[in-house]
Amino acid sequence: TAQEFSRTFYAALLDHGEIDRASNAARASLITAGTGGAGIPVLFMRLHAGQLFGKPGMILGDVSGSSWRALAGKVRRGQCTPILGPGVASGLLPAPEEVARALAAEHYPFADCADLRRVSQFLGTTDNSDMRQRIVDHFTACLRRRLASVGAGTGTEARLHTLSDLKQEDWERLRETLETEFHRQLASLGLPLYVTTNFDKFMTPALQSQLAGQGSVRRKTVRWREAV
């Protein structure tokens, strides 16, 4: 079983570099071969996309061990500024592909219904404000379900009408149930400045929860373009 799994796993990994796809292909090979034990191998992964290799046999990036030690030192000294993108909220909010499919369920005539950029661009030509509100509503509904699934939604669903309604006390419950949640991990670093490109305010209550009354959190919106 181990030989069959390893043979397919490493061949697939060198072919496309995606470790989760390689694991699934190797499990499928065990089922096809009838050797049994397909449920024994388990993959624990913290990669966002599962991409372990870029080109066949080459690890992505060129970061040496000394560079990682330098970065860790800057984090300890508070000289690092994290820049948050949409993947940071993956444990709380749906992926762009899921949002795109939800929007495309009505009045989207093309095949690329998982491409949020294309779907929102098309629907926005009819009613841009309605399309944006549908996205926010979908995010909020998913957040309600996520809080309920981890037992952190007690008393929250009734007042959670927008993402901004997620308060510090809600984040306290998230700290207890989602130990590896990204905002919580970033807040624990105790850095002086965080920059986010997301429209949610999750980083603010996460920091407030981390400080627990021992300091204040200031949030400022950067106006990066003129109003039209």
Drop me the distance from [X]'s [atom1] to [Y]'s [atom2], to the nearest 0.5 angstrom.
{"X": "Glu97", "Y": "Cys113", "atom1": "CD", "atom2": "SG", "answer": "11.0 Å"}
{"X": "Lys201", "Y": "His183", "atom1": "NZ", "atom2": "NE2", "answer": "13.5 Å"}
{"X": "Thr196", "Y": "Phe202", "atom1": "OG1", "atom2": "CZ", "answer": "10.0 Å"}
{"X": "Leu116", "Y": "Ile135", "atom1": "CG", "atom2": "CD1", "answer": "5.5 Å"}
{"X": "Cys80", "Y": "Leu193", "atom1": "SG", "atom2": "CG", "answer": "10.0 Å"}
{"X": "Leu207", "Y": "Leu189", "atom1": "CG", "atom2": "CG", "answer": "10.0 Å"}

Given the rule that I, L, V, M, F, W and Y join up when any side-chain heavy atoms are under 4.5 Å apart, are Met45 and Phe9 in one cluster?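 Linked within one cluster.
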Can you get from Leu84 to Val75 by hopping between Ile, Leu, Val, Met, Phe, Trp and Tyr side chains that sit under 4.5 Å apart?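 Yes; tracing contacts between hydrophobic side chains, which count when under 4.5 Å, links both residues.
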Do the non-hydrogen side-chain atoms of Pro94 and Val99 ever get within less than 4.5 Å of each other?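 They are in side-chain contact.
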Smallest separation among heavy atoms of [X] and [Y], with atom names:
{"X": "Ala114", "Y": "Arg101", "answer": "CB-NH2, 3.6 Å"}
{"X": "Val195", "Y": "Thr81", "answer": "CG2-CG2, 3.8 Å"}
{"X": "His138", "Y": "Ala102", "answer": "CE1-CB, 3.7 Å"}
{"X": "Ser23", "Y": "Phe5", "answer": "O-CE1, 4.0 Å"}
{"X": "Gly78", "Y": "Leu191", "answer": "CA-CD2, 3.7 Å"}
{"X": "Met131", "Y": "Leu103", "answer": "O-CD2, 4.4 Å"}

Arg7/Glu4 under salt bridge (Lys or Arg N to Asp or Glu O under 4.0 Å): CA gap, chis, key distance, verdict: CA-CA 5 Å; Arg7 184 183 302 109; Glu4 178 61 31; 2.8 Å; yes
Using only heavy-atom distances, determine whether the side chains of Arg21 and Asn24 contain a donor-acceptor pair under 3.5 Å.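 No pair is found: no donor N or O on one side chain lies under 3.5 Å from an acceptor on the other.
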Mark yes or no for whether [X], through its side chain, and [Y], through its backbone, hold a donor-acceptor pair below 3.5 Å.
{"X": "Arg27", "Y": "Pro41", "result": "yes"}
{"X": "Ser188", "Y": "Gln185", "result": "yes"}
{"X": "Asp112", "Y": "Asp115", "result": "no"}
{"X": "Thr32", "Y": "Ser29", "result": "no"}
{"X": "Gln210", "Y": "Leu186", "result": "no"}
{"X": "Asn198", "Y": "Asp200", "result": "no"}
{"X": "Arg184", "Y": "Ala206", "result": "no"}

Mind running side chain to side chain contact (heavy atoms under 4.5 Å, CB included) on Thr1 and Ile40 for me, showing each step along the way? CA-CA 10 Å; Thr1 298; Ile40 296 175; 5.7 Å; no
Determine whether Gln121 and Leu123 satisfy the following criterion, side chain to side chain contact (heavy atoms under 4.5 Å, CB included), listing intermediate values before the conclusion. CA-CA 6 Å; Gln121 198 173 47; Leu123 298 178; over 6 Å; no
Less than 6.0 Å separating the ring centroids of Phe199 and Phe139?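 Yes.
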Between Glu18 and Leu52, is the side chain to side chain contact (heavy atoms under 4.5 Å, CB included) condition met? List the steps. CA-CA 6 Å; Glu18 297 179 28; Leu52 184 63; over 6 Å; no
For Arg134, I'd like to know if atom CZ has over 12 heavy atoms of other residues, nucleotides or ligands within 6.0 Å.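 Yes, CZ of Arg134 has more than 12 neighbouring heavy atoms, counting only those of other groups under 6.0 Å.
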Working note: Phe122 + His107, criterion side chain to side chain contact (heavy atoms under 4.5 Å, CB included); need CA distance, chi angles, decisive distance, verdict. CA-CA 10 Å; Phe122 176 84; His107 313 305; 5.6 Å; no
